[in-house]
Amino acid sequence: MPTTYDTPEVLDRREGPHGEVVLRRHGALLQIIANGCFLMDTSDGRSERLLVDAALAALDDRPDPHVLIGGLGVGFSLAHACGNPRWGRITVVERERAVIDWHRAGPLSAVSGNALTDPRTRIVEADLIDYVNETSATFDALCLDIDNGPDWTVTEANAGLYSKAGLAGCARVLRPGGVLAVWSAKPSPEFEGTLWNAGFRHVRTEEIPVARGVPDVVHLGVRPE
């Protein structure tokens, strides 16, 4: 008997400000594809949870910290942050209207659950690079999960976010002692060096084991007091 494979089912396809974004169902999984590049799916979520937890653990004991999450994605980071009562406020910046719609009234609402209606949550439709350079808001933690890492960006324009100048924008919105946490599909020693050069301190990398290949990681840095 020949082997059969599930064929991904396209649930929605949109042209956004930065190209095509697609939501697919592949078996039990939901997948987000951007310009033909696989971004993420609903298979696990350990990396996204560690991203949020590592940022919180690196903070001091300040009350009701405000976290900025860069990228809504499949919703794991937001849902996990909302599950922790220690976060005082949770702001998510997402540039793709389609992704926001898929959470508000689409299949990804099964992942985000009640997180979008949590009174602490605010969703901002904007490009993160523009947001960190223009907003007057400040945060205690910034969790970045908008690319596959500093060395593998969804669009070329995103590469600037991981440069010394781009990280200066991230530091701009962080309060003294605030934490920057950056998810990556692989370790990036060069990015660690850029974090140091951009003025961050206590720079370190936490690994998340995966089934095969190099581990996912979270790069961490603290804005000086």
Side-chain angles (χ1 to χ4, degrees), residues 39-40 44-73 75-84 86-93 128-129 131-133 135 137-154 158-210 213-225:
L39 284 188
M40 60 193 69
D44 193 342
R46 282 180 298 168
S47 296
E48 291 88 342
R49 289 190 286 271
L50 178 60
L51 176 69
V52 174
D53 287 345
L56 185 60
L59 277 175
D60 50 31
D61 58 356
R62 66 188 67 186
D64 301 323
H66 186 180
V67 61
L68 171 62
I69 298 175
L72 180 54
F76 284 135
S77 296
L78 171 60
H80 191 64
C82 286
N84 191 329
R86 191 180 162 199
W87 290 115
R89 287 183 290 165
I90 303 161
T91 298
V92 182
V93 172
L128 184 69
I129 298 174
Y131 184 80
V132 297
N133 285 297
T135 185
T138 56
F139 304 88
D140 300 292
L142 169 51
C143 297
L144 293 186
D145 188 11
I146 62 173
D147 295 294
N148 284 321
D151 304 320
W152 186 3
T153 59
V154 177
N158 282 5
L161 181 63
Y162 307 99
S163 67
K164 183 177 178 180
L167 292 175
C170 294
R172 173 185 172 274
V173 300
L174 285 173
R175 295 165 185 157
V179 175
L180 173 65
V182 181
W183 183 88
S184 179
K186 63 178 182 179
S188 178
E190 181 179 351
F191 181 63
E192 282 193 2
T194 306
L195 282 168
W196 283 110
N197 290 335
F200 285 90
R201 296 295 176 260
H202 307 296
V203 174
R204 59 189 173 87
T205 299
E206 291 195 9
E207 294 187 351
I208 308 106
V210 295
V214 297
D216 295 342
V217 302
V218 175
H219 295 289
L220 293 155
V222 178
R223 179 186 170 179
E225 297 283 352

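Atoms considered below: every heavy atom in the structure, side chains included; atoms not considered: hydrogens, waters and symmetry mates.
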With a 3.5 Å cut-off and sequence neighbours excluded, list the donor-acceptor pairs that the side chains of residues 165-176 form with protein atoms.
| residue | atom | partner | partner atom | Å |
| --- | --- | --- | --- | --- |
| Arg172 | NH1 | Val132 | O | 2.7 |
| Arg172 | NH1 | Thr135 | O | 3.0 |
| Arg172 | NH2 | Thr135 | O | 2.8 |
| Arg175 | NE | Thr138 | OG1 | 3.0 |
| Arg175 | NH1 | Asp140 | OD1 | 3.4 |
| Arg175 | NH1 | Asp140 | OD2 | 2.8 |
| Arg175 | NH2 | Thr138 | O | 3.0 |

> Going by the ring-ring contact (aromatic ring centres under 6.0 Å, His included) test, which pairs reach into residues 159-179, not counting sequence neighbours?
Replying inline: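 Output for this query lists Tyr162-Phe191.
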> Of all residues at least two apart in sequence or in a different chain, which pass the ring-ring contact (aromatic ring centres under 6.0 Å, His included) check with Phe139?
Replying inline: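 So Phe139 forms a ring-ring contact (aromatic ring centres under 6.0 Å, His included) with His66.
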Can you list the residues that meet the side-chain hydrogen bond (donor to acceptor under 3.5 Å, both in side chains) rule with [X], with sequence neighbours excluded?
| X | value |
| --- | --- |
| Ser163 | none |
| Asp60 | Arg62 |
| Asp64 | none |

Which residues pass the side chain to side chain contact (heavy atoms under 4.5 Å, CB included) test with [X], not counting sequence neighbours?
| X | value |
| --- | --- |
| Asn197 | none |
| Glu206 | Leu50, Ala54, Arg204, Leu220 |
| Val222 | Val179, His202 |
| Asn158 | Arg95, Ile129, Ile146, Asp147, Thr153, Val154, Thr155 |

>> How close do Ser47 and Trp183 get, counting heavy atoms only, and between which atoms?
In response: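 Of all heavy-atom pairs spanning Ser47 and Trp183, the closest is CB-NE1, 2.9 Å.
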> If you look only at pairs with a residue in residues 183-193, which of them pass as a salt bridge (Lys or Arg N to Asp or Glu O under 4.0 Å), with sequence neighbours excluded?
Replying inline: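 Salt bridge (Lys or Arg N to Asp or Glu O under 4.0 Å) check on residues 183-193 returns no pairs.
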>> Restricting to salt bridge (charged side-chain N to carboxylate O under 4.0 Å, His left out), what partner residues turn up for Arg49, sequence neighbours left out?
In response: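 Testing Arg49 for salt bridge (charged side-chain N to carboxylate O under 4.0 Å, His left out), a comparison that skips the adjacent residues, returns Asp44.
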